[in-house]
Amino acid sequence: MRIALGCDHGGLEHKNAILNHLKDRDFEVFDFGIYELESVDYPKIALKVANSVAQGECELGILVCGTGIGMSLAANKVKGIRAAACSEHFSAKFTRLHNNSNILCLGGRVIGIGTALELVDLFVDTEFEGGRHQRRVDMISEIENEGEL
Ligand code: RB5
């Protein structure tokens, strides 16, 4: 599986740990930066990762900023993206199972690196359940495409 990864200055340490972790697990990782500690505007990184996933270059994405929230707001503006900001295990698993989320957003100032790696594992290892959840995910796409249901 190919995974797109990105962060701002609030998530660099976490991003680097996630990069190493995913590589150790033999995932193909596309690292969209940042690579050194510098202040950046998180929407720029969110757009790169979201485009990579929306265009099919990568199957899933992971974004880290201070809270995970700014990244999720920005990524969700890209058509086809379902980005979820998660800080605990249940949500990281169920946003794959029920929402078919394709980007996980984490807060480098909210959770420690150990928890972040556990949430990443749950996210990448969980398959969408489909069934009744497919209808609901389709409705999200309909809102995105038509602006109504
Ligand atoms: C940057 O200071 C911070 O605002 C950003 O990392 C993120 O938390 C935004 O949602």
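In each ligand, atom 1 is the first atom listed, and ligand 1 is the first ligand listed.
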Heavy atom of the protein closest to [atom] (residue, atom name, distance):
atom: atom 3 (C) of ligand 1; value: R109 NH1, 3.8 Å
atom: atom 5 (C) of ligand 1; value: D8 OD2, 3.2 Å
atom: atom 4 (O) of ligand 1; value: Y42 CE2, 4.4 Å

Checklist entry - Under a 4.0 Å N-O cut-off, is there an ion pair linking R96 with D125? => result no
Checklist entry - Ion pair present between K44 and D8, side-chain N to carboxylate O less than 4.0 angstrom? => result no
Checklist entry - Which of the numbered atoms in ligand 1 are below 4.0 angstrom from a heavy atom of H9? => result 1 (C), 2 (O)
Item to check | Atoms of ligand 1 close to G66 [distance to a heavy atom under 4.0 angstrom, numbered from 1] | outcome: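 Numbered from 1, ligand 1 contributes 5 (C), 6 (O), 7 (C), 8 (O).
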Next on the checklist: Consider side-chain contact (heavy atoms from CB on, under 4.5 Å). Of T115, I111, L117, which one does I113 pass it with?
Outcome noted: L117
Next on the checklist: Using a plain distance cutoff, I'd like to know if G70 has any nitrogen or oxygen under 3.5 Å from a nitrogen or oxygen of ligand 1.
Outcome noted: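 Checking ligand 1 against G70, an N or O pair does fall under 3.5 Å apart.
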Checklist entry - Does any N/O atom on T67 come nearer than 3.5 Å to any N/O atom on ligand 1? => result yes
Next on the checklist: Could you tell me if E38 and H9 have a donor-acceptor pair between their side chains, going purely by distance under 3.5 Å?
Outcome noted: no
Next on the checklist: Classify the ring geometry of F94 against H98: parallel below 30°, tilted from 30° to 60°, perpendicular beyond 60°.
Outcome noted: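 It falls in the perpendicular class, over 60°.
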Checklist entry - So, for F123 and L104, which heavy atoms are closest and what is the spacing to 0.1 Å? => result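 Minimum heavy-atom separation between F123 and L104: CZ-N, 3.5 Å.
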